[in-house]
There are 2 protein chains.
Amino acid sequence: MNPKFYSLPTEKQSAILNAGFHVFSQNTYKKSPMSEIADAAGISKALLFHYFRNKKELYLFLWDTCCRITVEEMTRSGAYEQRDLFTCMDSGMQAKLRLMRQYPDLGAFAVRAFYEKDPEVSAEIRESMGQYLDAHAAKKLQKLDPEDFIPGIDLQMMYREMYWASEGCLWEYIQRGCMDVNAMEEDFRRLLAHWKKTYLRKEREEASL
Amino acid sequence: MNPKFYSLPTEKQSAILNAGFHVFSQNTYKKSPMSEIADAAGISKALLFHYFRNKKELYLFLWDTCCRITVEEMTRSGAYEQRDLFTCMDSGMQAKLRLMRQYPDLGAFAVRAFYEKDPEVSAEIRESMGQYLDAHAAKKLQKLDPEDFIPGIDLQMMYREMYWASEGCLWEYIQRGCMDVNAMEEDFRRLLAHWKKTYLRKEREEASL
DNA sequence: ATAGGGTTGACCGATACGGTTAACGGAGGC
DNA sequence: GCCTCCGTTAACCGTATCGGTCAACCCTAT
């Protein structure tokens with residue numbers, strides 16, 4: 001990959017990244033043409049090939065960038081350090097929304113890339129990351145104090161269920177095509193409030209009065 | 001569409017349907033080649049064109065079939081009639097799982113088709129269905145008795161959250177590529193039990209003792 | 001004016017596409 | 001044995017698209 005890419009004005013860099021995320025998220029690796037990416041980025045195909053030697057290089061660069069900025073944003077938000085589960089989720093949500101605002105198709109791209117089966121790239125993808133999130137989730141789960149939550153609750157199930165609901169909500173937006181991040185934030189916020197009221201012992205007791 | 005298609009042995013019919021669902025669910029309409037579908041179905045491209053005049057006809061037939069058998073299966077399961085919310089969800093789940101077993105890519109296809117933007121087919125798709133599920137959900141919601149649930153709960157939020165979690169769980173399986181329906185059933189069942197224990201007043205009171 | 005680098009339209013060979021056609025092959029009737 | 005029918009296919013057609021290249025075009029700074 002040509003280092004001159006980095007000396008491009010940041011808007012143009014973003015435009016190229018977003019174009020790549022978008023096109024590769026809509027189709028298989030093999031069925032995602034470079035010309036379409038170039039068009040979406042507002043540059044010529046030749047210039048795209050000037051910055052990235054070939055399709056594979058662009059794809060792996062996108063994957064790399066996707067992982068990098070996600071972790072960066074998550075770290076920066078402090079989501080990894082928060083003690084309380086719900087403030088942790090709130091920070092994570094903030095980070096995700098900021099990412100979504102800047103790179104609307106990053107989420108969809110990440111999922112597709114993760115499950116991409118084309119032998120030209122699948123090995124590299126699968127190798128580079130792996131059980132990142134799972135490991136984090138397990139650690140987070142261990143730190144929870146059952147006393148904070150309503151009695152008899154299965155904390156692991158609660159965690160999985162909340163994760164799935166977030167993903168389901170996210171997917172609804174992704175599939176719809178238009179990423180209305182503000183509406184999304186509203187939805188997430190309501191979800192979080194709902195869970196707090198449902199799962200936290202203190203809030204539940206107050207609501208029961 | 002050639003009526004002789006229906007006199008094919010049912011396994012061959014299913015093979016063609018599944019092949020179509022699979023290929024069209026992985027890529028845009030335009031980037032989904034007929035040859036690939038024929039290969040996946042184990043027949044020649046020429047034969048596929050013998051049963052369906054052209055690509056558009058096959059695609060719309062698949063969409064139609066997808067809607068038809070989903071509604072059929074849902075009705076047959078009695079999901080639309082159940083009074084209690086959770087037994088209703090259980091029936092719906094059973095129906096969905098039966099569908100998934102027979103047509104592993106039906107779910108993914110449905111979502112993609114619903115949001116397909118290609119002008120050659122988008123109009124027909126959007127027109128044929130619409131707010132089907134939403135209307136149903138609203139009706140279901142009105143029938144709920146707040147007394148059955150934990151006090152202070154936002155029933156609409158609860159409903160949305162449960163819907164998203166199911167979708168999120170489903171998507172995790174879809175994206176993973178391999179549809180292990182048994183594992184899925186296990187997960188759904190646990191989700192349901194979790195919700196009953198969390199949201200139902202009676203079960204909650206028992207758990208609190 | 002000229003040298004240099006960012007940028008592109010035009011091009012290349014290969015292949016993939018939607019759709020057609022002529023022919024194959026086997027089952028049934030005579 | 002011969003013919004007919006019909007499900008099925010390999011081979012083909014014209015076109016479009018693909019990944020990738022290249023010579024030439026700006027534009028700016030000397």
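Quick note on labels: first sequence line is chain A, next is B, and so on, each numbered from 1.
Residue B:M89 forms a side chain to side chain contact (heavy atoms under 4.5 Å, CB included) with just one option from B:F188, B:Y159, B:W195, and that option is B:W195.
By the 30° and 60° cut-offs, the orientation of the rings of A:Y29 relative to A:Y59 is perpendicular.
Identified under the salt bridge (Lys or Arg N to Asp or Glu O under 4.0 Å) test for residues 13-35 of chain B, with sequence neighbours left out: A:E36-B:K31.
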- What does nucleotides 4-25 of chain C look like as a protein-contact string, B for base, S for sugar-phosphate only, - for none, at under 4.0 angstrom between heavy atoms? --SSBB-------SBBBB----

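Judged by distance alone, the side chains of B:Y51 and B:Q13 never bring a donor and an acceptor atom under 3.5 Å apart.
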Enumerate all atom pairs, one protein N or O and one N or O from nucleotides 27-29 of chain C, separated by less than 3.5 Å.
none

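Shown here is B:R53, whose CZ atom has no more than 12 heavy atoms of other residues, nucleotides or ligands within 6.0 Å. By the neighbour-count criterion of 12 heavy atoms within 6.0 Å, atom CD of A:Q156 is sparsely surrounded, having that number or fewer from other residues, nucleotides or ligands. Atom CZ of A:R83 has 12 or fewer heavy atoms from other residues, nucleotides or ligands within 6.0 Å. For B:R101, the CZ atom counts as densely surrounded, since its 6.0 Å shell holds more than 12 non-hydrogen atoms of other residues, nucleotides or ligands.
B:E167 pairs by the side-chain hydrogen bond (donor to acceptor under 3.5 Å, both in side chains) definition with B:K96, not counting sequence neighbours.
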If you look only at distance, which donor and acceptor atoms sit under 3.5 Å apart when one is on a side chain in residues 18-27 of chain A and the other is two or more places apart or in another chain?
| from | atom 1 | to | atom 2 | distance (Å) |
| --- | --- | --- | --- | --- |
| A:N18 | ND2 | A:S14 | O | 3.4 |
| A:N18 | ND2 | A:Q102 | O | 3.2 |
| A:H22 | ND1 | A:D105 | OD2 | 3.0 |
| A:S25 | OG | A:F21 | O | 3.1 |
| A:S25 | OG | A:H22 | O | 2.7 |
| A:N27 | OD1 | B:T28 | OG1 | 2.9 |
| A:N27 | ND2 | B:T28 | OG1 | 2.8 |

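Taking the 5' to 3' direction, DNA chain D first and last meets chain A under 4.0 angstrom from a heavy atom at D:dC18 to D:dC22.
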